[in-house]
Amino acid sequence: MAFDYDKWLRPGKLPHIWCPGCGHGIVMKGLIRAMETLQLKKEETAVVSGIGCASRLPGYIDCCTLHTAHGRAAAFATGVKMAKPEMNVILVGGDGDGTAIGGNHFIHACRRNIDMTYIIMNNYIYGMTGGQFSPCTPTGHKASTTPYGNPDPGFDIAKLAIGAGATFVARGTAFHANQIDKLIVEAIQHKGFSVVEILDDCPTTYGRRNKYKSVIEMMNRLKEVAVPVKAAEKMTAEQLQGKVLTGVLYKEVKPEYIEEYAKVIERAKAAK
Amino acid sequence: MSKKVAFLQGNEAAAHGALYAGCNFFAGYPITPSTEVSEVLSAELPKTGGKFLQMEDEIAAMAAILGASLTGAKVLTSTSGPGLSLKQELIGYGCIAEIPCVVYNVMRGGPSTGMPTGPSQSDVMCAKWGTHGDHPAICLVPASVQETYDEVIRAFNLSEKYRTPVMVMPDEIVAHMRERIVFPEPGEVAVTPRKTPTVPPEQYKPYDTSFGDVPPLAAFGSGYKFHVTGLNKMADGFPTTKADIVQAEEERQVRKVDANIDDIVTFEEYLLDDADVVVVAYGSTSRSARYAVNVAREQGIKAGMFRIKTFWPFPDKQIKALAGKVKGIVIPEMNLGMCSLELERCAQGKVPVLGIFRVDGEPINPDQILAKIKEVK
């Protein structure tokens with residue numbers, strides 16, 4: 001039997017705003033399959049986002065949804081989760097939203113290790129505003145504000161998350177659609193702050209400026225650069241040149257913030 | 001039974017007022033001269049299971065309280081000038097998404113870093129015009145430690161009643177001076193609960209105006225699922241660009257305050273019945289003004305004071321009435337003329353508005369005010 005996505009979608013809110021060929025819909029379907037697998041309760045699940053194309057995702061999902069201001073998803077979500085720890089809190093957004101204007105909130109959310117999951121759709125560009133370069137746009141590439149090629153070096157989101165203290169970090173791609181839900185399931189099950197980066201495509205504002213002739217070509221690139229972490233173990237540095245590791249990149253057990261704050265409450269009550 | 005009495009600083013009183021009002025979630029960022037609020041609440045909130053968060057920046061603190069408020073928590077943040085500037089975008093978010101919260105801002109010198117330990121009253125315009133777009137504004141300006149305590153409670157109540165951010169803005173003198181304070185008994189001061197939905201979840205709309213200008217707000221995690229956005233929205237909370245809906249919603253948001261001015265605006269009238277000269281003052285400056293008015297009376301000058309307790313909405317009606325009765329208005333304030341602009345607007349040229357403006361980090365003293373009172377012919 002075909003998977004019933006409609007069960008998780010708000011009636012009357014489609015069609016979505018995403019362009020033909022955009023991978024955000026693939027990620028949304030992955031998230032829905034993950035929520036179904038985990039049998040999350042809609043009323044007990046908050047989906048929180050910032051601003052941008054990817055951040056429009058919560059509006060389509062039939063849960064408690066919070067479309068915040070540009071870059072602020074992690075800070076709003078921290079308030080939701082700390083005030084109501086029994087809720088599942090899932091953050092979604094794009095690379096510009098999460099690592100530029102929201103960069104400070106992102107690294108501190110990783111550091112605190114509150115039990116939430118952050119899905120970052122990395123399409124290397126600010127899509128909604130028409131294709132300006134983001135902190136993830138590769139050096140030399142074209143954007144509407146880098147007509148002579150991007151002089152900036154880019155962030156590696158997964159490394160940034162690991163360095164900042166996230167306790168579960170995974171990466172997938174919009175091409176590897178069937179892997180997305182599995183990564184998200186594992187991320188949500190992980191106790192602590194989990195980050196899932198999904199390499200995505202923006203044919204409208206990124207692809208056409210960087211000589212991708214079609215969406216299929218962009219998807220094929222994602223297929224070609226992705227190397228599962230296990231396979232990478234058997235490859236030489238030369239073979240890994242230009243490749244991107246996918247799968248669960250990092251996992252550790254560290255004290256979770258809400259559990260630690262519960263101890264603060266106990267100590268405060270004892271000190272009364 | 002005698003009431004509990006303490007000798008407290010304005011900032012400490014603010015923290016205790018918040019606790020009385022039922023505050024169970026605070027997020028802040030260290031900033032002079034408001035940090036004592038954080039220090040008190042970091043110790044007190046966990047005692048009753050409340051949450052205290054020190055966030056990575058001022059913006060994050062504002063975001064965290066808005067997120068927490070959506071789960072039904074009663075929330076507070078505290079800051080000062082530069083922090084208030086940083087929080088402005090999300091104060092606007094609280095206005096358009098209609099999320100109750102209290103922002104406590106201690107006024108210090110500015111702009112920018114200015115004079116972090118000096119008193120000022122130069123954030124009063126920022127309280128109304130700081131965030132972009134049309135929006136409701138409520139701002140309370142206490143003049144004593146007791147009043148800071150009382151007004152923080154009132155701020156929580158107004159915030160819940162009108163489902164909008166409310167600011168409490170003592171100047172640094174009020175925030176840091178120590179005075180006797182008498183704590184009300186539990187239940188003595190009314191605490192306004194949030195209006196929550198009575199309809200079943202499948203019928204709930206977060207901006208359903210069939211319940212009036214202030215629609216009930218459900219809590220995330222209470223069985224209701226709904227959408228919240230900073231975009232112009234429809235009754236169901238989803239974005240819209242439909243002209244008639246956007247216009248009506250914008251007007252309703254502002255009307256929540258504008259149609260209830262008499263419920264929100266508070267003030268003190270001191271020796272005004274026969275006054276020829278009125279000193280309009282607020283915050284610590286009103287303490288110098290009261291002294292100056294007393295001295296003027298001793299010298300046979302019919303002076304009085306109108307003390308603003310609610311800066312926004314502005315007491316237009318009262319000032320307009322005074323302008324028709326007195327020969328002149330004196331306005332001492334620790335900025336270069338902010339309240340005076342509002343007074344000139346309300347006076348409509350009927351009487352002169354004489355300002356005493358100090359931004360040197362020193363309080364305005366009674367002699368300055370007395371001299372200005374004498375300038376009114």
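Just so we're clear, the structure is a prediction, and the values are computed from it rather than from any experiment. Just so we're on the same page: letters track the sequence lines, and every chain starts at 1. These values consider heavy atoms only, across backbone and side chains, with no hydrogens, waters or symmetry-generated copies.
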Near [X] [atom1], under 6.0 Å, is it more than 12 heavy atoms from other residues, nucleotides or ligands?
| X | atom1 | value |
| --- | --- | --- |
| B/Lys233 | NZ | yes |
| A/Lys29 | NZ | no |
| A/Lys159 | NZ | no |
| B/Phe25 | CZ | yes |

What option among [options] has the most heavy-atom pairs under 4.5 Å with chain A?
| options | answer |
| --- | --- |
| B/Leu231, B/Thr71, B/Leu66, B/Ile59 | B/Thr71 |
| B/Leu45, B/Leu53, B/Leu70 | B/Leu53 |
| B/Leu90, B/Asn24, B/Ile65, B/Thr48 | B/Leu90 |
| B/Gly221, B/Ala97, B/Gly50 | B/Gly221 |

Next on the checklist: Please find the pair of heavy atoms, one from B/Gln54 and one from A/Arg112, that lie closest to each other, and give the distance.
Outcome noted: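 Closest approach of B/Gln54 to A/Arg112, heavy atoms only: O-NH2, 3.8 Å.
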Item to check | Which atoms of B/Glu56 approach chain A - backbone, side chain, both or neither, heavy atom under 4.5 Å | outcome: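 Both parts, backbone and side chain.
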Checklist entry - Does any heavy atom of chain A fall under 4.5 Å from the side chain of B/Phe52, the backbone, both, or neither of them? => result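 Backbone plus side chain of B/Phe52, per the 4.5 Å heavy-atom cut-off to chain A.
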Checklist entry - So which of A/His105, A/Glu43, A/Lys41 has the largest heavy-atom pair count under 4.5 angstrom toward chain B? => result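 That would be A/His105.
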Checklist entry - When rounded to the nearest 0.5 angstrom, what distance separates CZ in B/Phe226 from CZ in A/Arg10? => result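 One gets 9.5 Å once the value is rounded to the nearest 0.5 Å.
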Checklist entry - Is any residue of residues 60-89 of chain A within less than 4.5 Å of chain B by heavy atoms, and which ones? => result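 Within residues 60-89 of chain A, near chain B: A/Asp62, A/Cys63, A/Cys64, A/Thr65, A/Leu66, A/His67, A/Thr68, A/Ala69, A/His70, A/Arg72, A/Ala75, A/Phe76, A/Thr78, A/Gly79, A/Val80, A/Met82, A/Ala83, A/Lys84, A/Pro85, A/Met87.
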Checklist entry - Does the distance from a Lys or Arg side-chain N to an Asp or Glu carboxylate O, for A/Lys13 and B/Asp236, drop under 4.0 Å? => result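 Salt bridge present between A/Lys13 and B/Asp236.
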Checklist entry - For chain A, which residues of residues 72-80 of chain B have at least one non-hydrogen atom nearer than 4.5 Å to it? => result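 Contacts with chain A: B/Ala73.
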